[in-house]
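One structure below.
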Amino acid sequence: MNQSDAGATQIRALVAGNWKMNGLKAALSQALAVDEQLAGAGDAINADVMICPPATMLMVLSELAGKSGLKIGGQDCHVNQAGAHTGDVSAEMLADAGASAVILGHSERRADHGETDKLVCEKVAAAHRAGLTAIVCVGETIGQRQAGLTLGVVARQLTGSLPDGVNAETVVIAYEPVWAIGTGLTPSVEDVAQVHGMIRERLVERFGEEGARMRILYGGSVKPSNAVELMGIANVNGALVGGASLLASDFLGIVDAYRG
Ligand code: PEP
């Protein structure tokens, strides 16, 4: 499979690995193996590839992983540039450490830290202030899906989490059904197509041509065995991968869905 097709618009896919709170020094070898293999694959992979390690590994990874075009991202950032916010990391710090993007509004942050759409929206602006691409996560819980609320919930998160004036270079959307994250469950092809189609419509309504070019990733139990099917769905322009991004062989097995 090559590049994703949103109507007439060709969109270069992105496969991003979210390591979450995993990764000691020994795990660097996995990221470096990804870098090495990608370098060997050259132009055969028709996608951008990114690893978002814990903040402790960002700088060393961005310094060591220079063989391929492997991109490095953060997993969250504070709204402010600097200041008295013990334990937090600013977008500027992520950029300084070598990140080109940051995941924002992941369901684990929305659940564990009570992050609202408004806060996520402010964080997107902070990411842009620092020159980072914001990977903005949206997705319904199992209760919301069973109650038939999926499209409304996702549309509301999408509207509330994005500031005006963003474009296809500065924002990537990740649709991640909360119940599919880390569970081995995935929505049906039809369900993914429906949600991604709605997201595309909303993005085009609000951002016009830029909305038509924005990448919409699917996330939630993506693995080598289901990547080709999921990545082949209309308006799926790549993947946000959790568990299967921790091992180079699994992650590369997913990236392989984009081998030309
Ligand atoms: C995630 O948390 O972003 C994710 C997609 O996790 P997993 O692939 O493990 O379901």
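Indexing begins at 1, ligand by ligand and atom by atom, following the structure's order. Just so you know, these numbers use all the heavy atoms, side chains as well, and skip hydrogens, waters and symmetry mates. This one's a predicted model, so the numbers in the text were calculated from it and none came from an experiment.
- Ranking protein heavy atoms by distance to atom 2 (O) of ligand 1, first place goes to Lys20 NZ, 2.5 Å.
- Considering backbone and side-chain atoms together, Ser221 places an N or O closer than 3.5 Å to an N or O of ligand 1.
- A donor-acceptor contact shorter than 3.5 Å is absent between the side chain of Lys67 and the backbone of Glu36.
- Under a 3.5 Å cut-off, the side chain of Gln144 and the backbone N or O of Thr150 do not form any donor-acceptor pair.
- Formation of a donor-acceptor pair under 3.5 Å by the Thr170 side chain with backbone atoms of Val166 is not found in this model.
- In terms of heavy-atom proximity, Met50 sits nearest to Phe251 at O-CZ, 3.5 Å.
- Of all the listed residues (Gly242, Pro177, Gly184, Gly243), Gly242 holds the heavy atom that lies closest to atom 4 (C) of ligand 1.
- When heavy-atom distances to ligand 1 are checked against a 4.0 Å cut-off, Ala180 comes that close only through its backbone atoms N, CA, C and O.
- In terms of heavy atoms, Ala180 sits closest to Tyr218 at CB-OH, 3.7 Å.
- Within the 4.0 Å heavy-atom shell around ligand 1 one finds Gly220.
- At least one N/O-N/O distance between Gly182 and ligand 1 falls below 3.5 Å.
- Checked by distance only, ligand 1 and Val222 stay at 3.5 Å or farther apart across all their nitrogen or oxygen atoms.
- Residue contacts with ligand 1, taken as heavy atom pairs separated by less than 4.0 Å, involve Ile181 via backbone and side-chain atoms alike.
- In summary, the atoms of ligand 1 found under 4.0 Å from a heavy atom of His106, numbered by their order in the structure, are 1 (C), 2 (O), 3 (O).
- In the hydrophobic clustering of ILVMFWY residues, with side-chain heavy atoms under 4.5 Å counting as a link, Leu38 and Leu28 come out together.
- Residue contact annotation: Lys223 has no non-hydrogen atom under 4.0 Å from ligand 1.
- Considering only non-hydrogen protein atoms, atom 3 (O) of ligand 1 sits nearest to Glu176 OE2, 2.7 Å.
- Glu92 contributes atom CD, which lies 4.0 Å from atom CZ of Arg129 (distance to the nearest 0.5 angstrom).
- Among the candidates Asp48, Ile135, Val171, the single residue satisfying the side-chain contact (heavy atoms from CB on, under 4.5 Å) test with Arg215 is Asp48.
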